There are 2 protein chains.
Amino acid sequence: MDNISHTEENYLKAIFKIAEKEEGRPVNTNAISTEMKTTAASVTDMLNRLSKKELIHYEKYKGVTLTIKGGRTATRLVRKHRLWEVFLVEKLHFSWDEVHDMAEELEHIQSEELVERLYDYLGRPKFDPHGDPIPDAEGNFTFRKQAPLADLHLGEKGIVVGVQDHSAAFLQYLDRLQLSLGAQVTVIERFDYDESMKITLNGDKEHIVSKKVSQNLFVEKQ
Amino acid sequence: MDNISHTEENYLKAIFKIAEKEEGRPVNTNAISTEMKTTAASVTDMLNRLSKKELIHYEKYKGVTLTIKGGRTATRLVRKHRLWEVFLVEKLHFSWDEVHDMAEELEHIQSEELVERLYDYLGRPKFDPHGDPIPDAEGNFTFRKQAPLADLHLGEKGIVVGVQDHSAAFLQYLDRLQLSLGAQVTVIERFDYDESMKITLNGDKEHIVSKKVSQNLFVEKQ
DNA sequence: TACAATTTTTAGATTAATCTAAATAATATT
DNA sequence: AATATTATTTAGATTAATCTAAAAATTGTA
């Protein structure tokens, strides 16, 4: 069969990512050009190519959706990306804010056998170092009933399970606050003025976290 | 600085590989086109590009040599390739005949930090699963006083340390004969007729190995 | 040395991926 | 509904990497 270039793979991943938020609605050209940091003209060009390869359903001016084949390719990339991130953090001891770019390259390594061996080697993880679910070999995601920390009411407890914002700046800031995955947080005060909140960390240290932080941090309510 | 494409990297590696055998003599266009499985015209094209980037010294009709920069790039690729092979064999339990193609892809992963962490993680290996030396971070190779098994005289002993032929077919055949790295061989008979030899394996099993095998297997004399 | 054979380069085309600028379609606004 | 705005596509160029065919240079040989 015709093989898929790195660039085509990246477009599929971008479309998949946008489609996640858009819940099935067709993804439009501009959204893709923003995600891919390229021009709309380049996107149109690529959409024609992807369509010819039956990786997307595409109608002029009407946006795109992934075909089964395109969706499978995208979830495989996500699986590979997240498994490599686990490898980099668990085995090579990189921190969670350093691994994204390396995983962007590693996800394009072809061999399916390699990925599955890596998966076993890593102990069949369900989540990556940022708390994002790792799809299984068939492309199925494990979902969690998570909510932004901002949604917790006074007195409620939660376990930190993920982030909305994946930027290195945010991740490093969380490290400074010791707000890493698995930490237990309890809301002990809420300030309406700037929507910040006071929390305790693992029933111990107290912190004030801004609205921005509490909105970008996912917890599982206890 | 201008960055180097995967293709350019592959050309540099090919030139490096040919230059190893040619011992410093300029590498000619045809040799590269054979190694790269491409046309001489494409090679000439690429040589102009590599020359412009100061990765090779190139004079029309006179062949090429690597510049310091080009040589460093090539040895880094070799280092990465061989370290990834160690990873695939030692950690993911692939066999030595399966890892080449995967390593061809993995060697292009950029991060130098990743390679050095991998190196530590693997226990700072000096040789890859085929017995080839892994250059250090500065590009220095560890050499061994090795010889083809064919050179051993009657009664001489050697330890299998490497292969000349890296083909999967040869490697699989060696596995069948239990002639893996580290095996001790003793020449107990030599047949002039077809230049085959009878050996004992680890002082035990007897085998007859063909000229072709004994020429493609490196041993360290004891 | 001169001719033949080989090697290498040049010329001109092709494909993937990109760009800018202009044209067209869809959507929003008065 | 007509017009303005925004989104998308088309047209035409560019660059990297490749090819085939032809030309030029080098090497081998009679």
Side-chain angles (χ1 to χ4, degrees), chain A residues 1-15 18-19 21-22 25-66 70 73-74 77 104-105 107-108 110, chain B residues 1-15 18-19 21-22 25-66 70 73-74 77 104-105 107-108 110:
Chain A
M1 317 287 107
D2 40 19
N3 56 329
I4 305 170
S5 73
H6 285 200
T7 313
E8 289 165 345
E9 286 187 339
N10 287 335
Y11 272 95
L12 292 174
K13 210 165 55 113
I15 294 164
I18 299 162
K21 295 175 212 152
E22 298 289 320
R25 282 188 293 278
V27 173
N28 57 23
T29 304
N30 257 2
I32 301 168
S33 73
T34 304
E35 178 68 28
M36 293 294 295
K37 297 180 186 15
T38 185
T39 63
S42 301
V43 173
T44 302
D45 228 66
M46 181 56 85
L47 295 183
N48 283 308
R49 218 164 315 130
L50 293 175
S51 182
K52 199 173 293 168
K53 290 195 179 187
E54 297 183 348
L55 294 161
I56 60 171
H57 299 292
Y58 172 47
E59 269 189 283
K60 270 190 185 184
Y61 295 104
K62 298 203 170 166
V64 298
T65 56
L66 294 172
T73 306
L77 285 165
E104 283 293 296
E105 292 185 65
E107 73 190 5
H108 297 291
Q110 300 271 323
Chain B
M1 13 231 98
D2 40 19
N3 56 329
I4 304 170
S5 73
H6 286 198
T7 312
E8 289 165 344
E9 286 188 339
N10 287 335
Y11 273 95
L12 292 174
K13 211 166 54 114
I15 294 164
I18 299 162
K21 294 176 214 153
E22 297 290 319
R25 282 187 294 278
V27 173
N28 58 23
T29 304
N30 257 1
I32 301 169
S33 74
T34 304
E35 178 69 26
M36 293 294 296
K37 297 180 188 12
T38 186
T39 63
S42 302
V43 174
T44 301
D45 228 66
M46 180 56 86
L47 295 183
N48 283 310
R49 218 163 316 128
L50 294 174
S51 182
K52 199 174 292 167
K53 291 194 179 187
E54 298 183 350
L55 293 162
I56 59 171
H57 300 292
Y58 172 48
E59 269 189 286
K60 269 189 185 185
Y61 296 102
K62 299 203 170 167
V64 299
T65 56
L66 294 172
T73 305
L77 285 164
E104 284 293 296
E105 293 186 64
E107 73 190 4
H108 296 292
Q110 300 273 321

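As the structure is a computational prediction, the values presented were derived from the model and not from experiment. By convention in this document, chain letters (A, B, ...) are assigned in the order of the sequence lines, proteins followed by strands, and residues within each chain are numbered from 1.
Map A:T38 and A:Y61 each onto its nearest nucleotide of DNA chain C; the residue landing nearer the 5' end is A:T38.
Put simply, CG on A:N28 is 19 Å from P on C:dA25, counting in whole angstrom units. For the pair B:E59 CD and C:dT7 C1', the interatomic distance rounds to 17 Å; values are reported in whole Å. Put simply, NZ on A:K53 is 12 Å from C1' on C:dA17, counting in whole angstrom units. For the pair B:L47 CG and C:dT8 P, the interatomic distance rounds to 10 Å; values are reported in whole Å. In this structure, NZ of B:K52 is placed 12 Å from C1' of D:dA16, rounded to the nearest angstrom. In this structure, the CE atom of A:M46 is 10 Å from the P atom of C:dA16, given to the nearest Å. Following rounding to the nearest Å, B:I32 (CD1) and C:dT9 (P) show an atom-to-atom distance of 9 Å. Regarding B:K62, its NZ atom lies at a distance of 23 Å from the P atom of C:dT6, rounded to whole Å.
Side-chain contact between B:I56 and B:I15 is present, with heavy atoms from C-beta onward closer than 4.5 Å. Taking 4.5 Å as the limit, every side-chain heavy atom of B:V27 sits out of range of all side-chain heavy atoms of B:T65. At a threshold of 4.5 Å between non-hydrogen side-chain atoms, the residues B:E107 and B:N10 count as touching.
At a threshold of 4.0 angstrom between heavy atoms, the contacts of A:S42 include nucleobase atoms, whether or not backbone atoms are also involved. Within 4.0 Å of A:T7, counting heavy atoms only, lie sugar-phosphate atoms of the nucleic acid but no base atom. Contacts of A:T29 with the nucleic acid, taken as non-hydrogen atoms under 4.0 Å apart, involve only primed sugar atoms and P, OP1 or OP2.
Across all non-hydrogen atoms, the minimal contact from B:E104 to B:H108 is O-CD2, 3.1 Å.
Proximity of a side-chain donor or acceptor of B:E105 to a complementary backbone N or O of A:Q110 within less than 3.5 Å is detected.
The phosphate of C:dT8 (OP1 or OP2) has a side-chain N or O of B:N30 nearer than 4.0 angstrom. Under 4.0 angstrom from either OP1 or OP2 of C:dA16 there lies no side-chain N or O belonging to A:R49.
Pairs of residues two or more places apart, or lying in two chains, that qualify as side-chain hydrogen bond (donor to acceptor under 3.5 Å, both in side chains) and include a residue from residues 49-58 of chain B are B:E8-B:K53, B:D45-B:R49.
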Whether each nucleotide of nucleotides 10-15 of chain C has a protein heavy atom under 4.0 Å at its base (B), only at its sugar-phosphate (S) or at neither (-) is summarised, 5' to 3', as B-----

Would you mind writing out the side-chain donor-acceptor pairs for residues 31-43 of chain A within the sub-3.5 Å range, not counting sequence neighbours?
| from | atom 1 | to | atom 2 | distance (Å) |
| --- | --- | --- | --- | --- |
| A:S33 | OG | A:N30 | O | 2.9 |
| A:T34 | OG1 | A:N30 | O | 3.0 |
| A:E35 | OE2 | A:K17 | NZ | 3.3 |
| A:T39 | OG1 | A:S42 | N | 3.2 |
| A:T39 | OG1 | A:S42 | OG | 2.9 |

